[in-house]
> 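Got a structure for you, questions after.
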There are 2 protein chains.
Amino acid sequence: MARSSELAALARLLGDDTRARFCLALLDGRAWTAGELATLAGVSASTASEHLGKLVAGGLLVERRQGRHRYVQLAGPRVAELLEGLVAHLEPAPERPASLRTSRVSAALARGRTCYDHLAGRLGVAITDALAARGLLDTTAGFALTSDGVDWLTGPLGISPEDLRSSRRPLAKACLDWTERRSHLAGLAGARICDRLLATGWIKRIGTHRAVTVTPAGTEALRTLLDLDLTQLQ
Amino acid sequence: MARSSELAALARLLGDDTRARFCLALLDGRAWTAGELATLAGVSASTASEHLGKLVAGGLLVERRQGRHRYVQLAGPRVAELLEGLVAHLEPAPERPASLRTSRVSAALARGRTCYDHLAGRLGVAITDALAARGLLDTTAGFALTSDGVDWLTGPLGISPEDLRSSRRPLAKACLDWTERRSHLAGLAGARICDRLLATGWIKRIGTHRAVTVTPAGTEALRTLLDLDLTQLQ
DNA sequence: GGGACTCTTCGGTGTGGGCCGAACCGTCGG
DNA sequence: CCGACGGTTCGGCCCACACCGAAGAGTCCC
């Protein structure tokens, strides 16, 4: 009984159009200022401030005051997973082909994007498939990195082994993609791969949002490292 | 933008105390009548009827009219996972010991319960641990049944192999437990194990809710099959 | 110090929606 | 055919809350 009211309170945080817009924007994993979010959602600064207060109090967001700015960010990977889990319920028509399902404005997002801290979209799925095809990732029942997979991350990809150790966070996790309706690699390994690809300049962000694109150097590198042909992705 | 309003609409379905109560009750996976839910939540029949209309229209519940009764049920395992995912966010205090965290009224639930269609609570975690200890389940990175695990399910446990084939549903999945704060086995395999243990009479439901208890025969069988000592569970 | 800027606080307004009771409709059983 | 019962529909009430503008607090820069 007590639990149901807590559940309702949590859901109510996301049950408002403006707050939902904030949270979806914040799914890019970066920090936004209160003013940016107000403009994005089309509400006044005072309204945005009240909403952010509720989201922070509810534990979905964390804030950092810096000068006259209030930066907010998702409180952690679990919040991001929660949001993507909810978003995954919003595409109840798996019948139509992907080319029709994705509108032109979101075409770049469908090609490749960050999902909180890992890669999603066709790029995320393609990398996941390539890892599975080379025996680096076991997707038969749940997602699990093979020992070859761990070696590949720390060897050719150049992730340091200590970056793959975490107290609590699972190494590999499946995250359901709402444009592809397929699982892609999340968890600590997914986040580190995304970090690494951004750091090497193999992928880069488009504009200020979640969309990412693969650079020519990245296309070549992924072909060498993963036998991955990304030419049809664009 | 369009997506955010859909997200808000979905969250709003769960953002009401009464509807949240309904959904948590329905997490036992069984069908309830409208009147039962109204009594449970302490609202009038007319109010309950309106809430159920919204939950069904929103795709969270499915209904079956039978005589003068309206039976409702969660629309599927994905809805159940969504709910448990939200509930998992409600225990943000992992510091206190479990014995203090669980109130007396929910002690039976903490011992063992069904989580939609699989087992949770200390029982669910104990079985998951036992499977892992015997090499039947790989929990190192994500959850994955080993081939020994599949053999054990279809052999000693007596699940027919075709019951373990599904078009879409993953065989093994990790489900986070809100009393134990540990993962336990969900997915198709988790559901079949629960079915089987109920069918053999090794576990049985307590009253009309989600709590289950292990019978003496079940205690003995699980000791034999899994080296699992359940005497301290009660 | 003064002006520009970001954000917060506080009244006040309007509306969405949760709730109930009363009336009504179907179903079941005698 | 009638009463009991489960569920639905409708009208009305009322509260929660999203929203804004105005005023104010804090920060930055000239």
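Convention: sequence-line order gives letters A, B, ...; per-chain numbering from 1.
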> Looking at A:Lys54, I'd like to know whether one of its side-chain N or O atoms comes within less than 4.0 Å of OP1 or OP2 on D:dA18.
yes

> Map A:His69 and A:Ser46 onto DNA chain C by nearest heavy atom, then report which one ends up closer to the 5' terminus.
A:His69

> What nucleotide, of C:dC20, C:dT9, D:dC19, holds the atom closest to the side chain of A:Ser49?
C:dT9

> Which whole-number value in Å describes the distance from A:His51 NE2 to D:dC20 C1'?
12 Å

> Just N and O in the side chain of B:Thr18: are any of them under 4.0 Å from OP1 or OP2 of C:dC19?
yes

> So what does B:Ala45 touch, heavy atoms closer than 4.0 Å: a base, only the sugar-phosphate, or nothing?
base

> Any side-chain N or O of A:Arg19 less than 4.0 Å from the OP1 or OP2 oxygen of D:dA18?
yes

> Using whole Å, what does the distance between atom P of nucleotide D:dC15 and atom CG of B:Asp16 come to?
17 Å

> Does a nitrogen or oxygen in the side chain of A:Arg12 sit under 4.0 Å from OP1 or OP2 of C:dG18?
no

> Whole angstroms only, please: what is the CD-C1' distance between B:Glu36 and D:dC5?
14 Å

> Could you go through A:Asp17 and B:Arg12, starting from their C-alpha distance and side-chain angles, then the distance that decides it, and tell me whether this counts as side-chain contact (heavy atoms from CB on, under 4.5 Å)?
CA-CA 10 Å; A:Asp17 283 12; B:Arg12 208 151 37 221; 3.8 Å; yes

> For C:dC19, take OP1 and OP2 only and decide whether either is under 4.0 Å from a side-chain N or O of B:Ser44.
no

> Between B:Phe22 and B:His51, what is the ring plane arrangement, given parallel below 30°, perpendicular above 60°, and tilted in between?
perpendicular

> Taking atom types as modelled, find out whether A:Ser4 and B:Arg19 have a side-chain donor-acceptor pair closer than 3.5 angstrom.
no

> State whether a side-chain donor-acceptor pair under 3.5 Å links B:Arg21 with A:Ser5.
no

> Between P on C:dG17 and CG on B:Leu55, what's the gap in Å once rounded to a whole number?
14 Å

> Between P on D:dC19 and CD on A:Glu50, what's the gap in Å once rounded to a whole number?
9 Å

> Report yes if a donor N or O on one partner sits less than 3.5 Å from an acceptor N or O on the other, where the partners are the side chain of A:Arg68 and the base of C:dC7; otherwise report no.
no

> Among C:dC20, C:dC7, C:dA4, which is the nearest nucleotide to the side chain of A:Arg70?
C:dC7

> B:Val43 has a side chain; which of C:dC19, D:dG7, D:dC20 sits nearest to it?
C:dC19

> What is the distance from CG of B:Leu37 to P of D:dT8, rounded to the nearest Å?
11 Å

> How many Å lie between CD on A:Gln66 and P on C:dC7, as a whole number?
12 Å

> Any donor-acceptor pair under 3.5 Å linking the side-chain atoms of B:Thr47 with those of B:Ser44?
yes

